[in-house]
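Just follow the structure's listing: the first ligand is 1, and inside any ligand the first atom is 1. This chain uses plain numbering: 1 for the first residue, then up along the sequence.
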Amino acid sequence: APTTPAGKAADYLDQRTGIGVAVKEFARKVFPDHWSFLLGEIALYSFVVLILTGIFLTMFFVPSMSLVTYHGEPASMNGVLMSDAFASTLHMSFEVRGGLLMRQIHHWAALIFLAAIVTHMMRVFFTGAFRKPREINWLVGMLLMIMGLAAGFSGYSLPDDVLSGNGLRITDGVVKSIPLIGSYLSYFIFGGEFPGEHIIPRLFTVHILLVPGLILALVALHLFFVVLHKHTQYPGGGRTDTNVVGYPLFPVYVAKAGGFFFVVFGILALMGGTMAINNVWNYGPFDPSPVSAGAQPDWYMLFLEGSLRLMPGQAEFVTWGDYTVPLNVLIPAVVVPGLLFTFLFVYPFLEAAVTKDKREHHVLDRPRNVPVRTGLGVAFLTAFIILALAGSNDLIATHFHMSINTITWAFRVLFFVGPWFAFWITKRICLGLQRKDRELVLHGHETGRIVRFAHGEYIEVHRPLDEQERWLRVNYQAHEPLEIEPATDSRGVRRKGYKKDKRLQRLSRFFYEDRIEPVTPVELAAAHSHGEHDALEG
Ligand code: HEM
Ligand code: HEM
């Protein structure tokens, strides 16, 4: 029987819940280790920081649009007519002890949260971690990303300053651009004509209850899947699709993860304590008139802003009767992001269809070994970054003394050309790296040591790869493009579904074309019997 107080408490619990078995089982679970697996953890920990600081903010923030005359710090805002929401944000920043610190940690945590989500997603995409059996967890992740955007957007809108108010005004415009139901939807959301007095209380409920609740539930599901599927691992010696090489959850991983939480918390606190963010008193309360150049949303919303800024205004069509179809808003704010997000949602399924790969994958791809996927990912990021930069076209113009029209036109062209170019270049780089791997496997590393044989020949000594490295570099995804059955069967009857298969085959060829052939054992043997090998031995 246990003698220590902790042991007794554990025993008490175990006898009543039988939890010991589960804990033992779970504690022995092995997790692989790699720095890039920390990105998901950073997302998780910054979310915890958002909840903790957010709870503090709810104690002082007043989600109301009733007008008040503000009395207090800063002097520039004293006596100004503003909403309760804005007044309480000022009060929290200047009068509440630790209030500004909490606001700033909350805001920095939001920026880091979304940055971690996006980079985590990139890690998952470029390593092919979304492949079977993790496709569903990719979808859960996509929902998490969209909920993250919703959390950021709704929080940003709460203080009711000039920037957030103008963000809402743009949102109103976008909602109204939706054909047929637009104006009804806008009235529904704002409880009448924009801005009305309902939107901030409503966003408050969305921000502190609905969205965090959904994120919490989705994160639980997400991590349940991570445990269920087991974590993927990078290729390397001894790692296969049927084993997991790493550390046990307890004590190694628990200690590391627990420590890492405090590192993330500490860095966010340092940022919130030393770096000003969203000083709303400089902007003033919401008023549609004073918005100026240099008004940007937070970084994760910049692509939408840029998309709107790039769209030529001429695309506003008046169709039948009094109905206007504002394609100049609909295309950049609904169609473009819709296409971008659809690509992300369907990509795992698209790739599975094109490769006809039905195997489970627990060993990650090296991005170079899947050049088309890597190229598509970089092309996507290029489009995203170009839109984000376009969302700052005014800042680029003022900083570099350039014409905003030139910049806008340059981005318009880049948006269509850039991704193709990025795709092509990335693919070439990947193939080059594959060739380099091939070279290394066959001939080893150059050492810079030149030796001369007795018969006068000079040769550079190559150091052969060790077992680990050879394994890594030989590990190509050796796939053939899809082969399909002929158009007609033995009796000359045209096969059903042939056209569809043909299309799939074309995509499959595209996915696998320009493949660098993996090193064969014969080639390896030939390289070894080469003169270099003697030099190696020498
Ligand atoms: C794995 C958290 C968003 C897809 C993980 C892991 C954590 C995590 C802690 C395990 C460690 C790691 O691989 O980094 C989160 C949180 C998110 C989020 C807190 C947002 C609130 C996303 C998004 C996607 C995604 C946006 C993709 C669209 C995945 C997949 C795995 C994973 C497929 C399994 C990866 C593997 O086993 O290699 N996530 N994630 N997650 N996440 Fe996320
Ligand atoms: C405000 C983001 C979760 C409560 C904000 C702001 C952002 C934000 C960007 C504007 C801050 C500013 O004034 O500069 C997020 C994100 C969350 C999250 C991305 C993650 C899911 C939460 C939670 C709560 C909360 C869980 C409460 C339990 C608040 C409150 C405000 C606020 C009360 C208004 C205070 C103010 O603006 O000064 N949030 N938040 N947030 N957030 Fe959050």
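A perpendicular orientation is assigned to the rings of His106 and His207, their planes being inclined by more than 60° (bins at 30° and 60°).
For a threshold of 3.5 Å applied to N or O pairs, the pair formed by Asn278 and ligand 2 contains at least one separation below that value. Looking at ligand 1, you'll find an N or O of His231 within less than 3.5 Å of one of its N or O atoms. Residue contacts with ligand 2: Thr58 is placed with no nitrogen or oxygen under 3.5 Å of a nitrogen or oxygen of the ligand (distance criterion only). Between Phe37 and ligand 1, an N or O atom pair is found at a separation short of 3.5 Å. Taking distance alone, with nitrogen or oxygen atoms compared against 3.5 Å, Ser36 stays at or beyond that limit from ligand 1.
Shortest contact from atom 26 (C) of ligand 2 to any protein heavy atom: Pro212 CG, 3.7 Å. The protein non-hydrogen atom at the shortest distance from atom 36 (C) of ligand 1 is Thr232 OG1, 3.2 Å. Among all non-hydrogen protein atoms, the one lying nearest atom 37 (O) of ligand 2 is Pro159 CG, 3.2 Å. For atom 19 (C) of ligand 1, the nearest protein heavy atom (residue, atom name, distance) is Leu44 N, 3.6 Å.
The CG atom of Leu149 lies 5.5 Å from the CG atom of Leu114; values are rounded to the nearest 0.5 Å. For the atom pair CG of Leu350 and CZ of Arg373, the computed distance is 12.0 Å after rounding to the nearest 0.5 Å. Ile105 contributes atom CD1, which lies 13.0 Å from atom OG of Ser46 (distance to the nearest 0.5 angstrom). The CG atom of Leu39 sits 11.5 Å away from the CD1 atom of Ile117 when rounded to the nearest 0.5 Å. For the atom pair CZ of Phe153 and CG of Leu304, the computed distance is 9.5 Å after rounding to the nearest 0.5 Å.
Crowding of Phe349 atom CZ: a count of heavy atoms from other residues, nucleotides or ligands under 6.0 Å exceeding 12. Within 6.0 Å of the NZ atom in Lys132, the count of heavy atoms belonging to other residues, nucleotides or ligands exceeds 12.
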Side chain to side chain donor-acceptor pair (under 3.5 Å) evaluation trace for Asp365 with His361: CA-CA 9 Å; Asp365 280 327; His361 290 281; over 6 Å; no
Evaluation steps, ring pair (Phe, Tyr, Trp, His ring centres under 6.0 Å), between Phe190 and His198: CA-CA 6 Å; Phe190 289 91; His198 299 294; over 10 Å; no
Thr232/Val363 under side chain to side chain contact (heavy atoms under 4.5 Å, CB included): CA gap, chis, key distance, verdict: CA-CA 6 Å; Thr232 56; Val363 174; over 6 Å; no
Side chain to side chain contact (heavy atoms under 4.5 Å, CB included) between Ile200 and Ser64, intermediate numbers included: CA-CA 6 Å; Ile200 285 187; Ser64 151; over 6 Å; no
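Atom 35 (C) of ligand 1 has its nearest heavy-atom neighbour, among Glu135, His229, His361, Arg123, in Arg123. If you check each of His34, Arg134, Met122 against atom 34 (C) of ligand 1, the one with the closest non-hydrogen atom is Arg134. Here the shortest heavy-atom distance to atom 13 (O) of ligand 2, taken over His91, Arg103, His107, Met59, belongs to Arg103.
Within ligand 1, the atoms closer than 4.0 Å to a non-hydrogen atom of Met145 are 26 (C), numbered from 1 in the order shown. Close approach of ligand 2 to Gly152 is summarised as follows: ligand atoms under 4.0 Å from at least one heavy atom of the residue are 19 (C). The distance from ligand 2 to the heavy atoms of Ile55 drops below 4.0 Å at these ligand atoms: 27 (C), 28 (C). Taking every heavy atom of Phe113 and a limit of under 4.0 angstrom, the matching atoms of ligand 1 come to 21 (C). Atoms of ligand 2 lying under 4.0 Å from at least one heavy atom of Thr89, given by number and element, are 38 (O). Using a 4.0 Å cut-off to heavy atoms of Ile215, the atoms of ligand 2 that qualify are 21 (C).
Between the side chains of His222 and Asn137, at least one donor N or O lies within less than 3.5 Å of an accepting N or O. For Asp394 and Gln296, the side-chain atoms include at least one donor-acceptor pair closer than 3.5 Å. Side-chain contact check for Ser36 and Tyr234: at least one donor-acceptor pair (N or O, by modelled atom type) lies under 3.5 Å. Side-chain atoms of Asn243 and His362 form no donor-acceptor pair, as typed in the model, at a separation below 3.5 Å.
Here Leu223 has side-chain heavy atoms under 4.0 Å from ligand 1, and that is the only part of it that gets that close. Of all the heavy atoms of Met92, the ones lying under 4.0 Å from any atom of ligand 2 belong exclusively to the side chain. By the criterion of a heavy-atom distance under 4.0 Å, neither the backbone nor the side chain of Val211 is placed next to ligand 2. Contacts with ligand 1 closer than 4.0 Å are made by no heavy atom of Phe47, backbone or side chain.
Remark: Phe56 engages Phe60 in a ring pair (Phe, Tyr, Trp, His ring centres under 6.0 Å) (not counting sequence neighbours).
A centroid separation of 6.0 Å or more is found between the aromatic rings of Phe86 and Tyr70. With ring centers used as reference points, Phe341 lies 6.0 Å or more from Phe345. Aromatic ring centroids of Phe261 and Phe265 lie under 6.0 Å apart.
Near atom 43 (Fe) of ligand 1, less than 2.8 Å away, sit the protein N, O or S atoms His120 NE2, His222 NE2. Listed by chain and number, the protein N, O or S atoms at a distance under 2.8 Å from atom 43 (Fe) of ligand 2 are His106 NE2, His207 NE2.
Ligand 1 does not have Phe225 within reach: every non-hydrogen atom of the residue lies 4.0 Å or more from it.
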For residues 92-100, dump all side-chain donor-acceptor pairs below 3.5 Å to protein atoms at least two apart in sequence or in another chain.
unit_1, atom_1, unit_2, atom_2, d
Ser93, OG, Thr89, O, 2.8
Ser93, OG, Arg103, NH1, 2.8

